[in-house]
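Computed from a prediction, not measured in an experiment: that's the story for all the values here. Residue numbers start from 1 in every chain, and the chains themselves are labelled A, B, ... in the order their sequence lines are given, proteins ahead of strands.
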There are 2 protein chains.
Amino acid sequence: MATAENEYTLDTVRETLVRQEDTIVFGLIERSKFPFNSQTYDQNYLQIPGFCGSLVEFVFTNTEIVQAGRYKNPEENPFFPENLSLSLVPSYPFTKFLHPGAASININKSLWKMYFHDLLPLFVASGDDGNYAQTAASDLSLLQAISKRVHYGKFVAEVKFRESPQDYEPLIRSKDKEGLMKLLTFKSVEEMVKKRVEKKATLFGQDISLNSSDDSKGKQKFDPSVASKLYEKWVIPLTKEVQVEYLLRRLD
Amino acid sequence: MATAENEYTLDTVRETLVRQEDTIVFGLIERSKFPFNSQTYDQNYLQIPGFCGSLVEFVFTNTEIVQAGRYKNPEENPFFPENLSLSLVPSYPFTKFLHPGAASININKSLWKMYFHDLLPLFVASGDDGNYAQTAASDLSLLQAISKRVHYGKFVAEVKFRESPQDYEPLIRSKDKEGLMKLLTFKSVEEMVKKRVEKKATLFGQDISLNSSDDSKGKQKFDPSVASKLYEKWVIPLTKEVQVEYLLRRLD
């Protein structure tokens, strides 16, 4: 049976992060099927009595309510926790691995801004094809995957802390954010992750034909450099931010 | 501007079908992240006042309501149309390409049964990890993608009919289902589709490492033969069934 000790180790955490790359790359490719579809984000598009906001906000809020059980798992973090009620969801014995302070870390508000203001314009064609609900659904899946990846920093930090508490404790006690950040940074690993993500985006985003020598000539569904840029500019630094925030609460 | 004549042609329809393969393969790989999670399908799991059914039914029904605008596009077909109201969704001028009889063709009830009874047990590990809402969400995306692909048969049939009405009209008038099925069947094309889908599942489902010679040695996240079996046993024959149903209404 999985226990906290064998479920989350440096190896399993690393494996999960690698697997999450695939989900994020699939999500980027799927969102790029649709043009920008600005109505999805327009506060004036939707005319639903009792709801004030854009279609994408409507889809996020209500999907989180419908899938409330998702947020019983400490690996998941809602975008609109204020609307969520977990009272009707039967409980499940998810492994208790994190320090309780983890529950107060949720940077989805920053991820939301990053996604809609910075990331989307990087890779989505301008235009409007009327598929606003599908667009919002694609945004939801992709942003959920990015959020899960970034907040997985809590697990990364806990695993690292348990491996060598003596390295972390003094920095935590002196609230040395910079020192913690330095301890958590491995430039060569970050470079490898960026390269692997770009390779995945290249492979998964190509047009596949049966004649294998044609694959690389096929047009790409998606610019692979966007995937590595997403990791370089946001996923990697924000994951480390989550790790630092988590560690700062670790001895409370 | 896209018109019915240049938006849907043999070439664009074929391109769309090929692109939909990727979405379906991504969906298979994503669903296979979770074990079977039988609670998702258990009528007794959910205790929500006023709702009688399983979690997956709850997620489908409510997501379709939240994303109602999706079903303004004739390319999409709901699983629970009886709960759907499109009255609040602003209209969009989707291309009118199909014969009006198309609206009455919806084989999602068969797809639902096929998916949960036949397909899922083929590729999902047994077990329970508590991620029921995520499991239902993965089922939803994948089944929506399969449904879209199969019902795209309406567009395939319309394009083929417009290319050579003289071949179809006599068979339609004599309600010759078998003759229509024969006219719509190209064994060599079907073989190619199955092979391409399996190749995609192999490429997208492999563990990607930076040392490219290692890629093929990596363990697969997903058995690629399941993708071609899905196409062989269900997607291809059911798409043709939709085509025949559509053609039978084409002269009404």
Side-chain angles (χ1 to χ4, degrees), chain A residues 2 18-19 21-23 25-27 29-30 33 39 45-49 55 58-59 61-63 65-73 75-76 88-94 128-134 136-137 140-141 144 192 195-196 199-200 203-210 212 215 221, chain B residues 2 18-19 21-23 25-27 29-30 33 39 45-49 55 58-59 61-63 65-73 75-76 88-90 92-94 128-134 136-137 140-141 144 192 195-197 199-200 203-210 212 215 221:
Chain A
V18 170
R19 180 63 189 81
E21 291 164 9
D22 300 47
T23 304
V25 171
F26 294 160
I29 293 170
E30 286 300 283
K33 278 201 296 195
Q39 304 272 38
Y45 169 73
L46 211 62
Q47 305 290 341
I48 291 187
L55 175 62
F58 181 77
V59 166
T61 312
N62 285 290
T63 306
I65 293 169
V66 169
Q67 298 180 17
R70 179 188 283 264
Y71 305 101
K72 289 257 174 172
N73 185 338
E75 296 180 9
E76 305 269 2
L88 289 171
V89 181
S91 68
Y92 179 87
F94 285 107
D128 186 321
D129 68 1
N131 292 312
Y132 312 133
Q134 295 93 312
L140 174 72
S141 309
Q144 279 178 333
M192 195 189 63
K195 276 193 195 137
R196 188 175 55 229
K199 184 174 174 185
K200 287 180 177 182
L203 285 172
F204 303 161
Q206 70 192 328
D207 275 346
I208 308 291
S209 72
L210 281 176
S212 59
D215 288 347
K221 286 182 280 287
Chain B
V18 170
R19 179 64 188 80
E21 291 164 9
D22 300 47
T23 304
V25 171
F26 293 160
I29 294 169
E30 286 300 284
K33 276 201 298 197
Q39 304 272 39
Y45 169 73
L46 212 62
Q47 305 290 340
I48 291 187
L55 176 62
F58 182 76
V59 166
T61 312
N62 286 290
T63 306
I65 293 170
V66 169
Q67 298 180 18
R70 179 189 283 264
Y71 305 101
K72 289 256 175 171
N73 184 339
E75 296 180 8
E76 306 269 2
L88 287 171
V89 182
Y92 179 87
F94 286 107
D128 187 320
D129 69 1
N131 291 312
Y132 312 133
Q134 295 93 312
L140 174 72
S141 309
Q144 280 178 333
M192 195 189 64
K195 276 193 194 138
R196 189 175 54 229
V197 167
K199 183 175 174 186
K200 287 180 178 183
L203 285 172
F204 303 161
Q206 70 191 328
D207 275 346
I208 308 290
S209 74
L210 281 176
S212 60
D215 288 347
K221 285 181 281 286

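- Contact between F26(A) and F204(B) at its shortest, heavy atoms only, is CZ-O, 3.9 Å.
- Neither the backbone nor the side chain of P93(B) comes within less than 4.5 Å of any heavy atom in chain A.
- When E76(B), K221(B), K195(B) are compared by the number of non-hydrogen pairs under 4.5 Å with chain A, K221(B) comes out ahead.
- The salt bridge (charged side-chain N to carboxylate O under 4.0 Å, His left out) test applied to E21(A) returns R196(A), K200(A), not counting sequence neighbours.
- Residue F94(B) touches chain A through its side chain alone, counting heavy-atom pairs closer than 4.5 Å.
- Rounded to the nearest 0.5 Å, atoms CD1 (I65(A)) and CG (N62(B)) are 10.0 Å apart.
- With 3.5 Å as the limit, one finds a donor-acceptor pair spanning the side chains of N73(A) and N131(B).
- In this structure, chain A has heavy atoms under 4.5 Å from both the backbone and the side chain of Q134(B).
- Contact of Y45(B) with chain A is made through backbone and side chain together, with heavy-atom distances under 4.5 Å.
- Annotation: side chain of D22(A) is not in contact with side chain of I29(B) (no heavy-atom distance under 4.5 Å).
- Between V89(A) and Y132(B) there is no side-chain heavy-atom pair separated by less than 4.5 Å.
- Minimum heavy-atom separation, A133(B) to R70(A): CB-N, 3.6 Å.
- When each of G69(A), A136(A), G130(A), S141(A) is checked for heavy-atom pairs under 4.5 Å with chain B, G130(A) comes out on top.
- Shown here for V66(A) and F58(B), the closest heavy-atom pair between the two residues is O-CE2, 3.5 Å.
- T23(B) pairs by the side chain to side chain donor-acceptor pair (under 3.5 Å) definition with E30(A), K33(A), R19(B), not counting sequence neighbours.
- Within the 4.5 angstrom heavy-atom criterion, no atom of K72(B) approaches chain A.
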